[in-house]
Amino acid sequence: MAITKSNHEFDQHDLLHVVADKNNPLPRSILRRTAFQLLDGEWRFALDTKDRGLREQWFGHHIYTEKAAFPGSIESHLIAAKKSVEALSLYNDSDEVVAWYERDFSIPEEWSNAPNRLTQLTFGACGYETRVWLNGVLLKTIEGEEVHLGEYSSFSYELPPELLQPSNRLTIRVADTINADIPRGKQASRVYKQGGIWYQTVSGAVRSVWIETVGRNRLRSRLGVISSLRDRLVEFDLTTRIHEAGEYILRLTITPHANSKTDVNQSPITAQFNLSLEAGERVQRIPLAMPDAKLWSPDAPNLYHLWAELVAPDGNVTGIETHFGLRKIGAHGPRVYLNNDPVYLDGILYQPGVSTFEEMRRHLHAIKKLGCNLARVHIAGIDPRIYDLADEIGLMLWVEIPSPHSSNQFSRDNHWAELQRMLVFIASHPSIVILSLYNEDWGAEDISTNVETRKYISNTFDYLRLFYPQLLVVDNDGWNHVSRNGRLSSHLLTAHLYTPKAEEWASSLDRLVAGETRGVTAQPLIVGDPYFYTGQTPLVISEWGGFGFTNYGGPDANEEKTARIRAFKREMRKRPIAGDMYTQATSIEEENNGIIDPVSGELLVPAGLLDSNSLLNEEQKIKAE
């Protein structure tokens, strides 16, 4: 990839026909067609066990005696260096682990000579706490942070031109922690120890790092998409970053996405908007009518390609591109509706753990083969390219904020900050239809006794309902849903039910449907004000089965497991239930209950097993005969 000689990043032919690279090497879903350089590979490395690096100013000079792969967790590096004892005891003496990485790099000459350009440094994900020095000078993120917090999403730096040299030294200090007050997801902490359903820690650099050339005045690689079905109107939330104030032009071009079934011969939709922009950042909503647009769904994942250009006062053009789809998700009465049509959620719990991107690709294709229309990505941050894949193959996603493991004001502040980081990267994907705030009280352990915890959950639900109407929101998945004056702070009433016994299973379903909220799930279904369930909210069995895992019981053999799954699915479809999520897609550590091989992606059970509509059709055929 190279910078074009003109001030346009695409010529006119490319503008109307380009699609996102199938082999996008960067962990992001909104692309720039500009030059980039991956900095992945072997870095100088030091484990700072005494946390001396800042005091001794290692960012200025330090003699490194080890090398490590970047990206790669600190744990995996120690194991590769045959220090498995150190890896297992990493957090024995302290809640925090500190590591330093350093490497040299050069800026391509053509970048330095390009007018109106900057070099941007981006980390796909690293942390929990990251500091970066360029040639010994501490950098600030684009958001102005000297210390970036968070380990699940990307963050960027604009490299000051005056600091760049023919050869540059990049130094990174990463501090990770098992402090229960920060977003942990399923990683072990001081509260929840590794074992059973809690997994190993993954500390440090977990995704790629790269430099790229970007415009001084540009659109940032983030997008929100809200669509209205009634008038086929789509609204884009675009973020401008401006160094020179002035009168700018925003140009949008929409074409059918090459990988979807939209009409490839459809004429491009173009629009132009004048913007008076001050220096700094702002989000601008742009409406655009698409009267002939086809809607996105699992059965017909129709996508469109967006190319957005920002034209500066001097005529310089920068742009971003991505795909999007039009769809509407809703919850009314006992049903979930997709594009105003009722849809049953045939889902599965998916925990990617430390799977590679290629393994996750295989997992998603296998989930689709199982007959699922939805995967519940369980409190984990994942490579954004997986969202792209779900968009393209037609698989709805239920995503969740990696939760803290304790409940206090500090953990709630961290949870809110993680939510804001997450929303930046999920708001443009038609596949992402549900977002959970918490799961089984993890990070909200005092939900039944602390009004502040419930108030935070309710206020967050109200915020998301107002500003992110493209999402259904679940307050606390599994049980202890928050009721305010008899109204849930959740679009769905979800329940976790684990039993291998058929009679107990049918009885529990009957009790839930009848409105019983105590004694059915492990904790009360409702917390706060009284809530009288009569079908006014969709009921989803969001975890069940888990057959083969010691804690859940049930058959180990795949043939017996298949028969039990079919029987339990039939019981749910006999009742006014809106969807279910089987536990789980792939086995992970001690939780050995997957029905997909975690490495190959091969199914361990018959294809179509979780497609309840097929089960119902089979029954109808048998009855007809």
Side-chain angles (χ1 to χ4, degrees), residues 1-21 26 28-36 108 110-120 122 142-143 156 158-159 161 211-226 233-257 266-290 304-324 424 427-428:
M1 302 176 72
I3 301 173
T4 58
K5 293 182 180 179
S6 70
N7 63 352
H8 286 69
E9 293 172 341
F10 286 87
D11 62 30
Q12 190 63 23
H13 175 81
D14 285 338
L15 180 61
L16 298 182
H17 295 88
V18 71
V19 297
D21 287 332
L26 303 179
R28 62 179 178 186
S29 59
I30 297 176
L31 307 182
R32 300 181 190 279
R33 286 300 179 101
T34 53
F36 67 87
E110 60 267 28
W111 295 16
S112 303
N113 297 330
N116 302 309
R117 311 295 295 186
L118 292 168
T119 298
Q120 180 172 285
T122 299
I142 290 178
E143 286 71 30
S156 299
E158 292 177 346
L159 301 186
I211 54 173
E212 62 186 317
T213 175
V214 297
R216 285 179 54 82
N217 305 296
R218 64 189 184 278
L219 295 168
R220 293 203 66 185
S221 55
R222 47 191 59 185
L223 178 71
V225 178
I226 300 173
L233 180 73
V234 62
E235 294 179 294
F236 300 106
D237 287 336
L238 293 153
T239 302
T240 57
R241 177 159 180 81
I242 302 299
H243 285 269
E244 285 79 36
E247 301 301 314
Y248 287 77
I249 297 172
L250 179 63
R251 293 200 299 239
L252 303 183
T253 302
I254 295 174
T255 57
H257 191 276
Q266 180 181 335
S267 298
I269 298 173
T270 59
Q272 181 169 297
F273 305 87
N274 296 321
L275 296 176
S276 181
L277 298 176
E278 300 295 327
E281 277 194 19
R282 67 181 259 192
V283 177
Q284 177 67 51
R285 179 162 292 186
I286 300 293
L288 202 60
M290 297 182 62
Y304 293 87
H305 182 268
L306 170 68
W307 170 240
E309 295 176 296
L310 187 66
V311 185
D314 62 1
N316 190 64
V317 181
T318 60
I320 58 172
E321 62 171 317
T322 190
H323 68 230
F324 70 95
V424 167
S428 65

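FYI, the numbering just counts along the sequence from 1. Quantities reported herein were computed from a predicted structural model and do not represent experimental measurements.
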Checklist entry - Of all residues at least two apart in sequence or in a different chain, which pass the side-chain hydrogen bond (donor to acceptor under 3.5 Å, both in side chains) check with Q272? => result none
Next on the checklist: Any heavy-atom pair between the side chains of I249 and L275 that's under 4.5 Å?
Outcome noted: no
Checklist entry - So, does T239 use its side chain to make a donor-acceptor pair with the main chain of L223 at under 3.5 Å? => result no
Next on the checklist: Between N217 (side chain only) and E244 (backbone N and O only), is there a donor and an acceptor less than 3.5 Å apart?
Outcome noted: yes
Checklist entry - Among all residues two or more places apart in sequence or in another chain, which pass the side-chain contact (heavy atoms from CB on, under 4.5 Å) test with A308? => result L219, L238, L252, I320
Checklist entry - With sequence neighbours left out, what residues match Y248 under ring pair (Phe, Tyr, Trp, His ring centres under 6.0 Å)? => result none
Item to check | Pair R28 + E212: basic N to acidic O under 4.0 Å | outcome: yes
Checklist entry - Any side-chain heavy-atom pair from P161 and L118 closer than 4.5 angstrom? => result yes
Next on the checklist: I need the I254 CD1 to S267 OG distance, nearest 0.5 Å.
Outcome noted: 13.5 Å
Item to check | Qualifying residues under side-chain hydrogen bond (donor to acceptor under 3.5 Å, both in side chains), relative to R222, sequence neighbours excluded | outcome: none
Checklist entry - Does R218 come within less than 4.0 Å of E158, counting only side-chain N to carboxylate O? => result yes
Next on the checklist: To the nearest 0.5 Å, what is the distance between CG on L233 and CD1 on I226?
Outcome noted: 10.5 Å
Item to check | Side-chain heavy atoms of T253 within contact of I269, under 4.5 Å | outcome: no
Item to check | Ring geometry between H323 and H257 (parallel below 30°, tilted from 30 to 60°, perpendicular above 60°) | outcome: perpendicular
Item to check | Results of side-chain hydrogen bond (donor to acceptor under 3.5 Å, both in side chains) for Q284 - residues two or more places apart only | outcome: R282
Next on the checklist: Between R117 and R216, is the side chain to side chain contact (heavy atoms under 4.5 Å, CB included) condition met? List the steps.
Outcome noted: CA-CA 5 Å; R117 311 295 295 186; R216 285 179 54 82; over 6 Å; no
Item to check | Heavy-atom side-chain proximity of I142 to E281 below 4.5 angstrom | outcome: yes
Next on the checklist: Between E143 and R241 (salt bridge meaning N to carboxylate O under 4.0 Å), is one present in this structure?
Outcome noted: no
Item to check | T318 side chain reached by T34 side chain, heavy atoms, under 4.5 Å | outcome: no
Checklist entry - Does T122 have any side-chain hydrogen bond (donor to acceptor under 3.5 Å, both in side chains) partners at least two apart in sequence or in another chain, and if so, which? => result Q120, S156
